[in-house]
Amino acid sequence: MAYKDFYHLLLESFSQPVELFTGPRNMPFTLYAEETKLFVRHGEDNISRIDPK
């Protein structure tokens with residue numbers, strides 16, 4: 001069985017944008033991957049990159 005760390009698993013799972021919601025405030029956000037980078041879009045199109053660390 002090949003081992004994949006959590007970050008690479010997220011990259012594969014979110015190759016297409018997925019709209020999600022936060023738990024406490026039920027606010028929408030979108031998680032997606034571009035090339036080898038993971039991004040989250042929230043609020044008024046604020047985009048943040050998620051690092052592997």
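Computation of the quantities below employed the complete heavy-atom set of this structure, encompassing side-chain atoms and omitting hydrogens, waters and symmetry-equivalent molecules. Given the structure is predicted, the values throughout are model-derived calculations rather than measurements.
Distance CG/Leu9 to OG/Ser13: 4.5 Å, rounded to 0.5 Å.
Considering every non-hydrogen atom in both His42 and Phe29, the closest pair reads CB-CB, 4.0 Å.
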Between side-chain atoms of residues 17-26 and protein atoms elsewhere (two or more places apart, or another chain), which donor-acceptor pairs fall under 3.5 Å?
unit_1: Thr22; atom_1: OG1; unit_2: Asn26; atom_2: N; d: 3.3
unit_1: Thr22; atom_1: OG1; unit_2: Met27; atom_2: N; d: 2.9

Pair up each side-chain donor or acceptor in residues 30-38 with any protein partner under 3.5 Å, not counting sequence neighbours, and list the distances.
none

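Phe14 is linked by a ring pair (Phe, Tyr, Trp, His ring centres under 6.0 Å) to nothing, counting only residues two or more places apart in sequence or in another chain.
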